[in-house]
Every structure is written in C-alpha cells, then in structure tokens.
Amino acid sequence: MTVSDDAVARLKQAAEHWDAVPMGARLRLVRRFRCLLWRKWRRLPALYPKRPAVETWTAELLPLLAACRFLERNAGKVLSARKAGMWGRPLWLPGVTSRVERRPFGAVLILAPGNYPLMLPGIQLLQALVAGNVVALKPAPGGEAAARLLVDLLAQAGFPPSVCMVLPTDAGREAVAAGFDLIILTGSAQTGRQVLQDAARTLTPTIMELSGVDPVFVLPGADLAHVARRLAYGVRLNNGATCIAPHRVFIRNEDKAAVLVLLRSTLAQKPPLSCDSAGQARLAALKERIEAAGGRVEMVGDVSIFTQVEGLHGLLDTDIFMPWLALTGVSDIEVATTLEKGMSYALGASIFGPAPAAAMLARRLRSGSVCINDLIVPTADPRLPFGGAGGSGYGVTRGPEGLLALTRPVVISSR
C-alpha cells in the first residue's frame, strides 16, 4: 500500500464520520478491544521470540491494558468542553459567554518504534481514536506482526475498518510528506531531525518522542546493593533496547568501587541477551573512542561497563540501544549536575538516595520523567504523560496531557 494523496483524502473523509461518533460509543469499543487483547496473552510472547515471555507480558501487555482502562474511566472528562461564564469575565465583555472545545486533528500518522512495537503504538493509536482522529500506522521493521494484531483486534472490537490503515515499513518519508494533520514519531534523534525537515514543508504539527541516554544519580546514603540490582535490571531490559534505560551513572568517588563489585556479582548471574547487530557496531565504535581517549571498559556478561570515564563524559552523549553503563566518579552532586547540563538528551533520569535530597535534585533536572529510588517501571503508569526535552524531542503521549495533545482547542464565544 502506497501513501497517495487519494489515500490520505479517504482517511480525512473517514475522520469526519468518526468524529461524529459519541464518546460513549468509542469507549465501549475500547472496552471490547481490551477484553479481546487480554484473551491473546498466551500468543503474545511468540511475537518476540528473543525476549523472555515475562518481559512481554509486563512491558507490552499489562501497560496497554492499563491504558485502555485509563481511557474508559477518564477520556470523557479529560476531553469535555470547558465553559468560561460570567465569573472572572472582563468588564468590557458584558453578556459574552465562551466555551473551549477539544476537536480532533483529523488524520494522524503514527511512526512506530521497533523496541516496543505493541505497547507504544497501541497506546498512541487508542488515544488518537478516542480523541476522534483516524490513524495511519507505519510500523518499524520487525513490528509488522504487532501492527496487524492491533488492527485485527480493532476490527473484532467493532471499530470501523476506515479508522486505521497500516502502511509498509519503508513508507516513512513518503507518509510524512503526504499531508497528514498530525505526526507522532517514536524513534531516534537522527530520525526525528529527518521527519521534522520533511514535515516542515507541509507545516504538519508533530510530537517527537525521541532517544534518551538516561543519567542515574547515586546520592550519599543510597542503598548501594539496591542501586546495583536496579541498574542490572534496567540496562538489560528488552535486550538493552529501552529508551529510558540507565546508562550514565554519577556516583561519589568513595562509593564507585563498591557499586562496581556489586554490579559484577549481579550481572554475572544473568542469562545471555540477544542484542541488535547494528547496535553492537555502534557500541564497539564508542568503546574504541573511550579507550583511545584513555578510558577503560570491561565486559560483564553481555553488559559493557565503562569503569573510567572521568574527563570523558562528553563522549557519552550518544543514543545507543545496547546494554552499557558508564560509571563516573564525582566529588559531589554539583559536579554531576554540571556535567548533566552539558548533555543533549533529557528523556528520563533516576535518583537513588534519601527521599528529601532526591526530591530537591529532581526539581533541578530537565528530564521529562524522574524516578526516585527506582527506574523505568513507574513510567508505565497510564495516568502519566511521557516525553522529553532537548535531543529527546518535545510534546507528550499518554496520560491526560497526551490525550489532550491529540486534539486542538477551539473557542466558541457568544453575546
């Protein structure tokens, strides 16, 4: 299927009919979709043979089910019109009342990622449909089966076939230039730059959920054994292909050796991973740059640990979807925050240590998601928006804010 002007025109025509469907009817279809998805739980691990089944259930299935329930309970309220009546009205506007309505964009293009090809586009797809949009879904290579499953479940749930079409995996640039009303990209910073250049020609608004090279701050008083366990979990999750995986660890000089010992012990007990070959090549090039500059790296199981990168932190400003950690010893937290401010990416961050000190540090970070004494897992809460800053993109998906981002405000005033 190509992305012709006629195909986009048909989608936009379908959007007019879908927007007329009442919110209650849309949410009943979401509920049916959720029930059908739950019945597929045994089948889902077969879509991801290189990943443990428990990861597929916890990282793909459960968050998508939770997102459905969030929409069922909250979408009507979030997207309801807001009335501006007489209270607080300017004195020079006697007799004027206004209301702010949320209108769908129309035809939305979702450029899906390859690391979580069911959960991430699934949430974006359902939020777009509930907001009254129709969708063209372009899966990443390897995500075709997940895309087909999503569309099949939509049809079985009773969604009209015209509200979602699946594009070929190689149709990205063609689709971006086709004149959609909104583009949502989940991908690398490099892909984001290309999409933005192409979208600018048609002035198409975009939401960019891009790469992360997440920092971890280990404060005085942190439970170092807990830190090592969480790092070992996060860096290996989904074979290292997680955008908010921990990579750059700031730790006091006096605690660095102890965490290294704990990490080696924890990682040595883990089963082997199945990592992407392209990512392996990029990681090998990073190792060469670090070692050429005087740094040190060691392999513990499948994880590359940069054990000496002091003075080389700028070389770590790269989004490589592989299991790697860089431990940077610092004299205090001020040194760590100064180094962090010089980095391009700001998607997620984690802080380990006493809650009051961690909360103070969290307010100083520009990352879109900050976890205290944990990492990754809290961001799967469907009530929470997800997005970054800088090289990690802009705009949000998920949560009430993500749902609102799939609509535009329209003001209607009357005297």
Side-chain angles (χ1 to χ4, degrees), residues 55 58-60 63 67 113 115-116 119-120 123-124 184-189 191-192 207-219 222 226-227 229-251 279 303 313 316-328 333 336-337 339-353 355 358-399 401-402 405:
E55 281 193 14
T58 57
E60 297 267 16
N115 57 337
Y116 293 99
M119 183 269 288
L120 290 177
I123 293 175
Q124 295 167 2
I184 304 174
L185 168 68
T186 305
S188 68
T191 302
I207 296 173
M208 296 278 123
E209 186 181 308
L210 306 181
S211 309
V213 191
D214 282 14
V216 178
F217 300 86
V218 184
L219 305 183
H226 175 65
V227 172
R229 288 193 299 270
R230 300 314 295 159
L231 289 176
Y233 163 79
V235 75
R236 301 178 81 258
L237 182 64
N238 197 26
N239 297 312
T242 298
C243 59
I244 50 173
H247 289 300
R248 299 176 291 109
V249 184
F250 298 104
I251 187 167
V303 180
H313 196 255
L316 304 175
D317 197 17
T318 179
D319 56 334
I320 300 176
F321 267 26
M322 289 289 292
W324 63 274
L325 289 168
L327 272 63
T328 301
I333 197 63
T337 55
L339 290 172
E340 177 59 21
K341 288 177 183 177
M343 306 302 281
S344 301
Y345 301 95
L347 187 58
S350 297
I351 306 170
F352 291 88
M360 290 180 62
L361 175 58
R363 288 193 289 269
R364 300 173 58 188
L365 302 178
R366 63 187 182 123
S367 299
S369 298
V370 181
C371 297
I372 294 177
N373 289 320
D374 202 352
L375 42 75
I376 299 176
V377 176
T379 61
D381 188 333
R383 300 170 299 173
L384 306 178
F386 187 80
S392 296
Y394 56 83
V396 295
T397 58
R398 298 189 249 170
E401 294 82 0

What's the shortest heavy-atom distance between A405 and V396, and which atoms? CB-O, 3.9 Å
Mark yes or no for whether R248, through its side chain, and E340, through its backbone, hold a donor-acceptor pair below 3.5 Å. no
Say whether, by atom type as modelled, one donor and one acceptor occur between the side chain of S350 and the main chain of D374 under 3.5 angstrom. yes
Would Q124 and T186 count as a side-chain contact (heavy atoms from CB on, under 4.5 Å) if you check the C-alpha gap in whole Å, the side-chain angles of each, and the deciding distance to 0.1 Å? CA-CA 10 Å; Q124 295 167 2; T186 305; 3.1 Å; yes
Is there a donor-acceptor pair closer than 3.5 Å between any side-chain N or O of N238 and the backbone N or O of N115? yes
Side chain to side chain donor-acceptor pair (under 3.5 Å) partner of D319, the single match among S392, S211, S188: S211
Quick one: does R364's side chain get under 4.5 Å of T337's, heavy atoms only? yes
Whether D381 side chain and R383 backbone form a donor-acceptor pair below 3.5 Å: yes
Side chains of Y394 and L210 in contact at under 4.5 Å (non-hydrogen atoms): no
For the side-chain contact (heavy atoms from CB on, under 4.5 Å) test, which of L231, D214, V213 pairs with P246? L231
Side-chain heavy atoms of N239 within contact of E55, under 4.5 Å: no
Flag for D317-S344: side-chain donor and acceptor within less than 3.5 Å: yes
